[in-house]
Amino acid sequence: MIAEVIVNSSAQELNRIFDYQVPNDYVVGQNIDIGYRVLVSFANYKKLEIGYIVGFKENSTFKCKNISKVCDRAFDENKFEVAKWMARRYFCNLSDVLKLLVPPGTSNNIDKIKTKYERWVRLTSNYKDYIKFHDEEKKNYKIKSDKQQKVIDFLIDNNEIPVAILMDVVGTTASVIKTLEQKEIVESFPMEVLRNPFLNKIVKRTKKLDLTKEQQEVLDTIKLDTFKEYLLYGVTGSGKTEIYLQLIEKVLESGKNAIVLVPEISLTPQITDRFLARFGRVIAILHSKLSQGERFDEWRRIQNGEARIVIGARSALFAPLKNIGTIIIDEEHDSSYKSEITPKYDARDVARELAKRENASLILGSATPDIRSYYRALNGEFSLLKMDKRISSFGMPEVTIVDLREELASGNKTMFSRALYDEIKKNLENKEQTILFLNRRGYSTFIMCRNCGYVVKCDKCDVAMTYHLTKNKLLCHYCGEEKKNVSICPECGSENIRYFGTGTQKIEAQINKIFPEASVIRMDVDTTQTKNAHENILKKFREEKIDILLGTQMITKGHDFSNVTLVGVLAADSSINVGDYRAAERTFQLLTQVCGRSGRGDKKGRAIIQTYLPDEFSIQTAKSQDFLKFYNTEIKVREKLNYPPFCDIIVAVISRSR
Ligand code: ADP
Ligand code: ZN
Ligand code: ZN
């Protein structure tokens, strides 16, 4: 039997099938099949190459080498079909896609991630032979060492146990255990352990809530057991997540499994907590902030059926989940669903291909749907589900727009308008929490010589460098390059250097000055480098020890803090003037999402948007949180200018390697 093999390589000329002989002791359908990974010797390379079996045939026209080693099964039929679709649609090598289907960390080295073992101990099967007994029934024994006796007593009652725990509970030492081992009274053995990303996490279990009429109708509309696409458009706080939870409960009851995609890593602690609280450890999470070992083990829990709900970033679509009943994409408008690295893909389209083949329902949810998705829903491609009421009886937050030009004219040069200042004061007095949003990190955003106009730029990227206070250095936000501060102009020697622009670090310093009584926590790329940083910041804020959460994009979506009653957008304009046909859409989404963090609990919420462009329609419609109005205007603009969804745009990037 001949196996058709795709070799793991992104070289274009190797993007084809190679024939290999199946070893004699392998039978197709039993211990080898389509989707298995193999090691093969290739060309005259010394190292064996990883390959994927994609088909079989009786004979080959070539003289074929033997497969050197048969490894694990990486994908099933459905995933393979989706992979072929992706390779065609996104112009990449099949192996670039197949790489996504293998356990994390193993795409270039199958054995790289090791299963983790712990040392356990138990009594040997004939331990009684080595102990002196005082009675016939071999019950009362006494050995010389009290310490050793304690361990034996414990093991008689408790069977087997990890060495570390034994030492802890009995208060014994490694040398005591070792002595017992030498006497052949106990033996140690390796036991496989799974690295658990939820270790030490205590989450109170929740029961399903009684749905509102609006929610119940939506849930009843979603069909199980058949491929169908839905766009769930529900305003912020309308209870979409609760619908996801109850839908999944139904799916699990029917014996099927579920995938939930969430856009950003900062969102995952909260949403995974909600899933963990409802379902316990039948969930698995997959995202880049986990260690490779943790991801590997979560993957295996999915593979062996222990985990039935997969929650993660876009790549969670490729998890080895069988029998998928539903795929949910939360905040479907989010740009992180598009992969900009090879293979480049749109997770929403890939999810559709997978759902089709699994006969699953596909649910795209958002308070600010992608224009393209909404257009397709109106054209009947998706079934449109709407929820326009908040669960909280206080309704949507009251949004005010502040014209920064007027502030400046009246002599206010700070980043806090009088209106925003007053509202923050009020919140501090009432012990309610505030979220402040600014889409620029760092301290000053560019450094310029006022004498000659020289701007400090990154040598590699030619973009202005940002001053970072905590590091006391200049940083390139493109490539991470660092430079020393400048106080003398390298061009003209002038000392007239000024730091312009405002980033989150500077705002933090200003808050400390203007509101000395307030506690502030900052969340941006710089404060969230370490593994649990996001989670710790959000946890602190949630436990209401902090008055003000200040941050970039990552604070704008998904969070549900019931005590937040004020949201301030410090400068709404930064996303309007970018040269992209989606600038208005992005601005509307961002502002609506961030304002939507306000007033989600049992108090009315307010939001203040500061801007130099108060008449901009994306800002005006965000003020009224009116997606339909925004959509109706924007879709006309798109049609007139012939932009998507009325055409397709392809970006061709030409780059030279450095
Ligand atoms: P969304 O995902 O649309 O932003 P959530 O599902 O987070 O909305 O719901 C907003 C808040 O309302 C949450 O605190 C949630 O626990 C609560 N909630 C949702 N559905 C119900 C319900 N049926 N009854 C009571 N509270 C609910
Ligand atoms: Zn750079
Ligand atoms: Zn100069």
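Numbering of ligands and ligand atoms starts at 1, following listing order.
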Salt bridge (Lys or Arg N to Asp or Glu O under 4.0 Å) contacts touching residues 233-251 (sequence neighbours left out): K208-E249, E242-R278
So the salt bridge (Lys or Arg N to Asp or Glu O under 4.0 Å) pairs with at least one residue in residues 588-600 (sequence neighbours excluded) are D560-R600
Donor-acceptor pair between [X] and [Y] side chains, under 3.5 angstrom:
X    : Y    : answer
D626 : T621 : no
K431 : N563 : no
S238 : E214 : no

Heavy-atom pairs closer than 4.0 Å: do any link ligand 1 to the side chain of [X], the backbone, both, or neither?
X    : value
D560 : side chain
I243 : neither
M387 : neither

Please report which non-hydrogen protein atom sits nearest to [atom], along with the residue it belongs to and the distance in Å to one decimal place.
atom                    : answer
atom 1 (P) of ligand 1  : K240 N, 3.6 Å
atom 8 (O) of ligand 1  : G239 N, 3.0 Å
atom 17 (C) of ligand 1 : I391 CG2, 4.2 Å
atom 7 (O) of ligand 1  : R274 NH1, 2.8 Å
atom 2 (O) of ligand 1  : T241 OG1, 2.7 Å
atom 20 (N) of ligand 1 : Q215 NE2, 3.0 Å

Answer yes or no for G234: is there a heavy-atom contact with ligand 1 below 4.0 Å? no
So is there a nitrogen or oxygen of L209 less than 3.5 Å from a nitrogen or oxygen in ligand 1? no
Should the pair R372-D346 be classified as a salt bridge under the 4.0 Å nitrogen-to-oxygen rule? yes
Evaluate the side-chain hydrogen bond (donor to acceptor under 3.5 Å, both in side chains) criterion for residues E331 and Q593: first the C-alpha distance (whole Å), next the side-chain angles of each, then the deciding distance (0.1 Å), finally the verdict. CA-CA 10 Å; E331 313 282 5; Q593 291 288 348; 3.3 Å; yes
Any side-chain heavy-atom pair of F515 and I424 under 4.5 Å: yes
Check ligand 1 against D210 and write out every atom of the ligand that is under 4.0 Å from a heavy-atom position of the residue. 22 (C), 23 (N), 24 (N)
